[in-house]
There are 2 protein chains.
Amino acid sequence: MSNNRKQQAMETKQKLLYAAREVFFEHGFKKATIRQINQKAETGHGTAYVYFKNKEDFLVELMLETMESFHNIAAIPFRPSSQSEAHKLIAHQVEQFLSLALEKKQIMKIFKEAIGISANVESNWQHIRNQFIESITKDIVYAQRYALAHQHLNPSITARSWFYMNEMFMWELVEDQYTDDIEEIIEHMTSLYMNGLYISTSHG
Amino acid sequence: MSNNRKQQAMETKQKLLYAAREVFFEHGFKKATIRQINQKAETGHGTAYVYFKNKEDFLVELMLETMESFHNIAAIPFRPSSQSEAHKLIAHQVEQFLSLALEKKQIMKIFKEAIGISANVESNWQHIRNQFIESITKDIVYAQRYALAHQHLNPSITARSWFYMNEMFMWELVEDQYTDDIEEIIEHMTSLYMNGLYISTSHG
DNA sequence: TATGTCAATGACACTATGTCATTAAAAACT
DNA sequence: AGTTTTTAATGACATAGTGTCATTGACATA
């Protein structure tokens, strides 16, 4: 049986992946080198190239699981029958989104760094982005159909506005840029999204 | 007089800067090399290093003027005395912001690419970001004082939400990602920011 | 025991960066 | 005018990383 052979190969690959993870966490994506990964995995220089095309390839593999989780959050159903229910559902989705990012903070930090460096990684994130935007667009159409939301707003543009603000706060949290309470951010964003900043007098 | 000497040096530096610009536009920031810049400028390999520390340094210099323009837009005064005036001022600032980015589209594209690659360039952009956020925060405090805006919203969080959505649309435009009309984006964002997506019933 | 397979390897070719001693031409000095 | 000083410009060199591929050797199979 060649089962042992394949088992061995799998183990080497895992050893490399684990080493890559460590090297990325230690030095960041940019400074990490294939040399360092091979060194930490105690494999020869050529070995990394047997299993991975390049540095990006390591990260893409390391991100798979997290990507899947984001995808699941994008797919959370949205069928509110009232404003307050809508508010709860929206706040809940934001909470899931930000919590996931915080939970996977380390790898998200690396991911963010890599988005700017690797076109491959960037397109992976763009994919997640699109899933959220499409899903939010549908939610808005739903809210408009049931007269919960203003009809005059373009769902796609509105969805993008909303997602972008979420995304940027998410990166803020990942990078520890501000020290606001997450709950406060969630409530503020949701409230702004639903009611706006200005006191309503009449609509045009 | 050493004026000729300095004149000569200045010319060489300008020649290099111009060459860098061309190389960046042609190959993008990441793929561009110092070699290519020297080649295009018809200077020896060491010459680039006389005037610039590294590749980043070229871009930072090329961005100075654009940074200044962003700074000016961040500083646009905001003293509305009514909701509709606020709307106009806000829409105008957005329009200036997006128009500037479009006008400097080529260099903004390079800049965006470099933000992900160079810590130096990233901190430059973070600086612009902070200027906008601080300025918007003040605007919100002003609107709240004059009872135009809801008191319960945290100005800093709200300012960040608003700026982030602007920033992301700006990058969309720079990267030609969507084909919406700019006017439509401006109107939608401003409207969303001021009135929210949901039809107001009562506020809590 | 012999043979084929394939995981693993490291030398090699290539490309890029950044440094520095050297060059040569202009500026300053006598 | 001749000598010295300054300095802009240079390219060889040291260093470091990437990716390839012919080779190796241990294991599986006949």
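Labels below follow one simple rule: chain letters A, B, ... track the order of the sequence lines, proteins then strands, and each chain is numbered from 1.
Comparing A:Gly46 and B:Lys55 along DNA chain C, the residue whose closest nucleotide (by nearest heavy atom) sits nearer the 5' end is A:Gly46.
In this structure, B:Phe132 and B:Phe163 have parallel ring planes: the angle between them is below the 30° cut-off, well short of the 60° mark.
Rounded to the nearest 0.5 angstrom, A:Ile140 CD1 and A:Phe78 CZ are separated by 8.5 Å. Summarising the geometry, atom NE2 belonging to B:His92 is positioned 5.5 Å from atom CD1 belonging to B:Ile76; distances are rounded to the nearest 0.5 Å. Within the model, atoms OG1 of B:Thr43 and NZ of B:Lys13 stand 14.0 Å from one another, a figure rounded to the nearest 0.5 Å.
At whole-Å resolution of the value, NZ in A:Lys30 and C1' in D:dT18 are 17 Å apart. As rounded to whole Å, 19 Å separates atom P of D:dA8 from atom NE2 of B:His45. Rounded to an integer number of Å, the gap from B:Lys13 NZ to D:dA9 P is 12 Å. Between the C1' atom of C:dT17 and the CD1 atom of B:Ile117 lies a distance of 16 Å, rounded to the nearest Å. Put simply, CD on A:Gln14 is 15 Å from P on C:dA7, counting in whole angstrom units. Atom CZ of A:Phe58 and atom C1' of D:dG19 are 13 Å apart (whole Å). Between B:Lys6 atom NZ and D:dA8 atom C1' the separation is 13 Å, expressed in whole Å. Whole-Å rounding puts the B:Ile34 CD1 to C:dT15 P distance at 18 Å.
Residue B:Gln36 places no side-chain N or O under 4.0 Å from the OP1 or OP2 atom of C:dA16. Listed pair B:Gln8 / D:dT7 fails the phosphate criterion, with no side-chain N or O lying under 4.0 Å from OP1 or OP2. A:Asn4 has a side-chain polar atom (N or O) that falls below the 4.0 Å cut-off from OP1 or OP2 of D:dA28.
With hydrogens and angles left out, the side chain of B:Arg35 and the base of C:dT15 share no donor-acceptor pair within 3.5 Å.
The A:Tyr49 side chain lies nearest to D:dG19 when the options are D:dA8, C:dT9, D:dG19. Residue A:Arg5 places its side chain closer to C:dC6 than to any other of D:dA9, C:dA26, C:dC6. Comparing D:dT20, C:dT9, C:dA25 against the side chain of A:Val50 picks out C:dT9 as the nearest. Nearest to the side chain of B:Thr33, among D:dG19, D:dA8, C:dA16, sits C:dA16.
Annotation: B:Glu11, atom CD; neighbour count of heavy atoms from other residues, nucleotides and ligands within 6.0 Å is above 12.
Across all strands shown, C:dT19 is found opposite D:dA12 as a Watson-Crick or G-U wobble partner, with both distances under 3.5 Å.
A:Thr47 comes within 4.0 angstrom of a base, heavy atoms only.
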